[in-house]
Amino acid sequence: MNVVKGSVVKSTAGRDRGGYFVAVDVTDRFVTIADGKERKLQSPKRKNVRHISPTNHVIDLTGMTDKKLKRLLRELEPEASGEPLRPDENKK
């Protein structure tokens, strides 16, 4: 699993299943993740690497605030899940 600091990941297990987070710190078995809303950058959640799924997005965490992180993850969420960005575009 190629998870590096700044990688956007999706939680696959636990009560936060389905949510998108950014990897704040990576060790061999664990990743600390934050989303800027429930898990702030100052108090990230420790999660087993088997319980996350990496996406193709990487965020530069230099100068990142919780507000900026929350906005970026909200913008990337539909794109990362493979769903259309605007559901109304497909209705015709």
Side-chain angles (χ1 to χ4, degrees):
M1 186 174 288
N2 295 341
V3 178
V4 295
K5 184 176 179 177
S7 294
V8 177
V9 297
K10 182 176 181 181
S11 174
T12 58
R15 60 180 208 127
D16 56 2
R17 180 179 340 153
Y20 288 89
F21 299 87
V22 65
V24 177
D25 189 30
V26 181
T27 61
D28 55 344
R29 286 188 51 209
F30 294 98
V31 175
T32 54
I33 58 174
D35 65 355
K37 186 176 180 181
E38 291 182 29
R39 290 294 176 172
K40 307 284 185 186
L41 288 167
Q42 293 78 19
S43 59
K45 178 179 181 166
R46 184 173 164 229
K47 195 132 177 112
N48 193 316
V49 293
R50 292 183 290 171
H51 299 159
I52 59 170
S53 173
T55 64
N56 295 329
H57 299 285
V58 178
I59 297 174
D60 182 20
L61 295 177
T62 308
M64 184 64 64
T65 63
D66 289 321
K67 188 174 183 177
K68 289 179 186 176
L69 177 61
K70 189 170 32 173
R71 184 178 40 112
L72 281 171
L73 290 176
R74 194 175 336 129
E75 290 173 0
L76 289 175
E77 190 169 323
E79 190 177 311
S81 65
E83 297 173 6
L85 292 177
R86 294 186 193 117
D88 298 335
E89 290 179 358
N90 293 335
K91 295 179 184 176
K92 289 188 180 186

- Residues two or more places apart in sequence or in another chain: which of them pass salt bridge (charged side-chain N to carboxylate O under 4.0 Å, His left out) with Asp35? none

- Sorted by chain and residue number, the side-chain hydrogen bond (donor to acceptor under 3.5 Å, both in side chains) partners of Asn56 (sequence neighbours excluded) come out as none

Out of curiosity, [X] [atom1] to [Y] [atom2], how far, rounded to the nearest 0.5 Å?
X     : Y     : atom1 : atom2 : result
Leu73 : Lys10 : CG    : NZ    : 13.5 Å
His57 : Glu75 : NE2   : CD    : 11.0 Å
Arg46 : Thr32 : CZ    : OG1   : 10.0 Å
Met64 : Leu69 : CE    : CG    : 6.0 Å
Arg39 : Lys70 : CZ    : NZ    : 15.5 Å
Ile52 : Ile33 : CD1   : CD1   : 7.0 Å

- Does any pair with a residue in residues 11-24 pass salt bridge (Lys or Arg N to Asp or Glu O under 4.0 Å), and if so which ones, sequence neighbours excluded? Asp16-Lys45, Asp16-Lys47

Sequence neighbours left out, cut at 3.5 Å: what donor-acceptor pairs do the side chains of residues 21-31 make with other protein atoms?
residue : atom : partner : partner atom : Å
Thr27   : OG1  : Phe30   : N            : 3.2
Thr27   : OG1  : Phe30   : O            : 2.9

- Report yes if some heavy atom in the side chain of Leu76 is under 4.5 Å from a heavy atom in the side chain of Ile59; otherwise report no. yes

- Message: In this structure, would Val58 and Leu72 fall into the same cluster of hydrophobic residues linked by side-chain contacts under 4.5 Å?
- Response: no

- Message: Please evaluate residues Val9 and Val3 with respect to the criterion side chain to side chain contact (heavy atoms under 4.5 Å, CB included), reporting the C-alpha separation (whole Å), side-chain torsions for both, the decisive distance (0.1 Å), and the verdict.
- Response: CA-CA 8 Å; Val9 297; Val3 178; 4.2 Å; yes

- Message: So, using side-chain contact (heavy atoms from CB on, under 4.5 Å) as the criterion, who are the partners of Lys5 when residues are at least two apart?
- Response: Leu61

